[in-house]
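Keep in mind that what you see is a predicted model, and the values were worked out from it rather than measured. We number each residue from 1, following the sequence as shown.
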Amino acid sequence: MASNNTFNSVLRSILQLYSSSNTRRPSLIMQVGKYFVSEDLKKENVILPTIYNTIESIADKITLLLEAETRPDCLNRASRAMGSLYLLSPFDDLHVAKVNKRYKPIYRLIVAIRFLDEMLFQDRCKSGYLEQYWPGYERFESKDDFIQFKEMFIKPLVYSILIESAAFEHPDAENILKGTKDEKILDEFRTLQPSERIALSRVTGKAQSELLTELLAYRRMERINDSETPQVNDDFNAYCKSLYSLSRDSSKELGSTLKIASIYASAVLPTKLNPSRKSTVEAFKFLSLHVEKGKLSKNIATSFMRMFGIFPQGFGVTCAVENSSNKQVTVEKAIVNRLYPSEPTSPHCRVVTRFNEFDRGFRDQVVKRNVNLFFKAVYDEHSRAVVRRMASTLEQAENADELLEKFLPRLWEPHEYFGTREVNIWNNVSYDEFKESAA
């Protein structure tokens with residue numbers, strides 16, 4: 001279980017193991033790319049064992065990153081991991097889509113692990129496999145149950161989600177996304193045509209299935225040699241293979257739970273051209289749209305919004321704060337730092353400025369809707385006061401709207417602040433309402 005001092009290094013290690021250009025330390029993506037173009041003998045004897053060792057190492061480090069001695073601490077670790085990835089993503093950079101392509105599968109994995117875990121704590125999604133192998137609160141008390149949680153709950157999600165994302169390294173998938181050598185180079189982050197989407201889904205689905213089957217067969221051989229029983233191994237493999245199709249089946253609670261993690265990760269860390277922080281708040285609109293179309297369980301979507309809220313972890317909120325001594329209202333900067341907000345539109349935040357200057361004396365606050373400048377009605381109310389105060393300046397300005405936005409931003413970009421300061425947005429965040437749940 002990672003301490004605060006090692007948390008960031010563990011997260012960086014996971015990202016490097018998943019995707020890295022360092023040929024001396026081959027990543028999962030690099031090895032999968034080689035697997036798809038290598039001869040069978042090399043696949044079996046060299047590349048497949050490396051893929052197995054890499055994905056096992058990722059699973060061990062994900063467990064180290066996310067798991068703790070209590071349910072509240074597990075929630076806080078997930079919030080921090082998600083928020084760190086979101087804050088590390090350079091939304092103002094031209095290469096943000098490429099960065100998000102690397103971060104998104106890990107983000108999706110974190111969301112899937114923690115959300116499914118929470119649903120199980122609420123007696124939801126309990127398939128036969130999960131009823132047998134998910135140890136619940138016992139993992140906080142017993143080393144054996146903790147190991148079972150890692151091996152039988154976390155690892156199937158790691159295998160399924162990361163191999164699914166790595167399947168995009170198949171040459172036929174790359175040809176669809178980037179164009180063939182004989183064609184004009186295409187932007188892989190463009191909006192695909194319907195025919196391209198269908199072809200890409202067919203290629204990656206087949207590649208994922210073939211690679212996962214081979215990888216699980218190799219794992220079976222390794223695990224049985226390590227004294228794992230054939231029945232446990234068969235259960236693991238069957239469940240792991242079922243997760244891909246389950247994530248496309250909204251008729252089951254488990255299917256909707258897995259699918260919602262994919263939708264949410266794509267909205268929060270988009271791999272499209274010119275994304276904006278503002279658009280990431282609209283993730284809940286995508287979820288609502290899927291519910292309306294019958295592609296997502298309404299009950300699961302409601303539970304998800306209750307847990308995650310509409311503002312992603314790490315989002316830069318601007319809020320109107322009244323000074324208790326002189327009743328003066330100032331606009332301060334804050335960062336979302338907790339799951340399970342009191343209301344989906346009222347994020348729990350750490351306020352990082354005082355009188356609009358960055359301040360080390362952090363304080364936590366629930367930013368209610370009526371003081372959150374992200375919402376247009378609140379922004380308009382406060383902007384009228386700014387317009388009155390700066391009337392002459394705004395009248396002379398050619399770009400009055402941009403100038404007003406500078407003085408009164410609806411949100412702020414915390415990427416540079418987070419990357420250049422030794423700050424911890426998640427220390428001492430409380431989840432007291434979950435402390436007695438195990439009793």
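Residues Asp432 and Ser430 have side chains that bring a donor and an acceptor to within less than 3.5 angstrom of each other. When only modelled atom types and interatomic distance are considered, Asp92 and His415 share no side-chain donor-acceptor pair under 3.5 Å. Checked by atom type, the side-chain pair Asn299/Ser297 shows no donor-acceptor distance below 3.5 Å. Between the side chains of Glu118 and Tyr340, at least one donor-acceptor pair of N or O atoms lies under 3.5 Å.
Ionic pairing of Lys150 and Glu67 is not present here: no N-O contact between side-chain nitrogen and carboxylate oxygen is shorter than 4.0 angstrom. Ion pairing between a basic and an acidic side chain is recognised when a charged N comes within 4.0 Å of a carboxylate O; Arg77 and Asp73 show no such pairing. Between Arg108 and Glu164 there is a salt bridge, with a side-chain nitrogen of the basic residue lying less than 4.0 Å from a carboxylate oxygen of the acidic one. Using a cutoff of 4.0 Å between basic side-chain nitrogens and carboxylate oxygens, Glu56 and Arg219 are scored as salt-bridged. Between Asp117 and Arg139, at least one side-chain nitrogen of the basic residue sits less than 4.0 Å from a carboxylate oxygen of the acidic one, meeting the salt-bridge criterion. At a threshold of 4.0 Å, the pair Glu413-Arg277 counts as salt-bridged, since one of the basic side-chain nitrogens sits closer than that to a carboxylate oxygen. Using a 4.0 Å cut-off between charged nitrogen and carboxylate oxygen, Arg306 and Glu343 do not count as a salt-bridge pair.
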* Could you go through the salt bridge (Lys or Arg N to Asp or Glu O under 4.0 Å) check for Glu196 and Arg190 one step at a time? => CA-CA 11 Å; Glu196 292 176 315; Arg190 71 192 185 280; 2.9 Å; yes
* Apply salt bridge (Lys or Arg N to Asp or Glu O under 4.0 Å) to Lys143 and Glu138, showing your working. => CA-CA 9 Å; Lys143 182 179 178 181; Glu138 285 78 8; over 6 Å; no
* Kindly determine whether Asp249 and Ser251 satisfy side-chain hydrogen bond (donor to acceptor under 3.5 Å, both in side chains), including the steps that lead there. => CA-CA 6 Å; Asp249 182 3; Ser251 66; 2.5 Å; yes
* Could you walk me through whether Tyr129 and Ser242 pass the side-chain hydrogen bond (donor to acceptor under 3.5 Å, both in side chains) test, one step at a time? => CA-CA 11 Å; Tyr129 175 91; Ser242 74; over 6 Å; no
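The side-chain heavy atoms of Phe121 and Trp134, taken from C-beta on, include a pair separated by under 4.5 Å. Two residues are said to be in side-chain contact when any heavy atoms from C-beta on lie closer than 4.5 Å; Leu216 and Lys241 meet this criterion. In this structure, Tyr239 and Tyr133 have side chains that are not in contact, with every pair of non-hydrogen atoms separated by 4.5 Å or more. A heavy-atom distance below 4.5 Å is found between the side chains of Arg80 and Asn424. You'll find the side chain of Lys206 stays beyond 4.5 Å of the side chain of His170, heavy atoms only. Counting heavy atoms from C-beta outward, Val281 and Lys278 have side chains that stay 4.5 Å or more apart. Residues Val32 and Leu211 are in side-chain contact: their nearest non-hydrogen atoms beyond the backbone lie under 4.5 Å apart. By the 4.5 Å heavy-atom criterion applied to side chains, Glu174 and Glu188 are not counted as neighbours.
If you take CG on Leu258 and OG on Ser247, they are separated by 6.0 Å, rounding to the nearest 0.5 Å. Separation of atoms CD1 (Ile14) and OG (Ser19) is listed at 14.0 Å; rounding is to 0.5 Å. Put simply, NE2 on His382 and CG on Leu373 are 5.5 Å apart, with the number rounded to the nearest 0.5 Å. Between Ser303 atom OG and Met119 atom CE the span is 4.5 Å, to the nearest 0.5 Å. Here Leu254 contributes atom CG and Arg124 contributes atom CZ; the two are 12.0 Å apart, rounded to the nearest 0.5 Å. Atom CG of Leu116 sits about 6.0 Å away from atom OG1 of Thr257, to the nearest 0.5 Å.
Heavy-atom minimum distance, Ala301 versus Leu296: CB-CD2, 4.4 Å. Annotation for Ala173 and Ala167: closest pair CB-O, 4.3 Å, computed over non-hydrogen atoms. Residue Pro90 comes nearest to Val99 through the heavy atom pair CD-CG1, 3.7 Å, listed as atom of the first residue, atom of the second, then distance. Between Phe7 and Ala81, the shortest heavy-atom contact is CZ-N, 3.6 Å. For the pair Asn370 and Val378, the tightest heavy-atom approach, listed with the atom from each and the gap, is O-CG1, 3.6 Å. Counting all heavy atoms, side chain and backbone alike, Thr280 lies closest to Pro270 at CG2-CD, 4.5 Å.
The residue from Trp412, Tyr379, Phe311 that alone fulfils the ring pair (Phe, Tyr, Trp, His ring centres under 6.0 Å) condition with Phe374 is Phe311.
A cation-pi contact, defined as under 6.0 Å to the ring centre and within 45° of the axis, links Arg369 to Phe375.
Proximity of the aromatic rings of Phe115 and Phe304 is defined here by a centroid distance below 6.0 angstrom, and this criterion is met.
In this structure, the side chain of Thr302 engages the main chain of Lys298 through a donor-acceptor pair within 3.5 Å. Under the 3.5 Å distance criterion, the side-chain polar atoms of Ser57 are left unmatched by any main-chain donor or acceptor of Thr54. The backbone N or O of Pro135 lies less than 3.5 Å from no partner atom in the side chain of Asp145, so there is not a single donor-acceptor pair. Counting only distance, with no hydrogens or angles, the side chain of Arg248 and the backbone of Tyr244 share a donor-acceptor pair below 3.5 Å. The closest donor-acceptor contact from the side chain of Arg350 to the backbone of Asp364 lies at 3.5 Å or more, if one exists at all. Here the side chain of Ser89 pairs no donor or acceptor atom with the backbone of Tyr86 at under 3.5 angstrom. Although no hydrogens or angles enter the test, the distance criterion places no donor-acceptor pair under 3.5 Å between the side chain of Ser201 and the main chain of Arg197. Ser79 places no side-chain N or O within 3.5 Å of a backbone atom of Leu75 that could act as its donor or acceptor partner. Side chain of Asn76 to main chain of Trp426: a donor-acceptor pair is present (N/O by atom type, distance under 3.5 Å, no hydrogens or angles). A donor-acceptor pair under 3.5 Å is formed between the side chain of Ser250 and the backbone N or O of Gly294.
Ring geometry, Tyr159 versus Tyr52: the interplanar angle falls from 30° to 60°, so the pair is classed tilted.
Around NZ of Lys126, the count of heavy atoms belonging to other residues, nucleotides or ligands within 6.0 Å exceeds 12.
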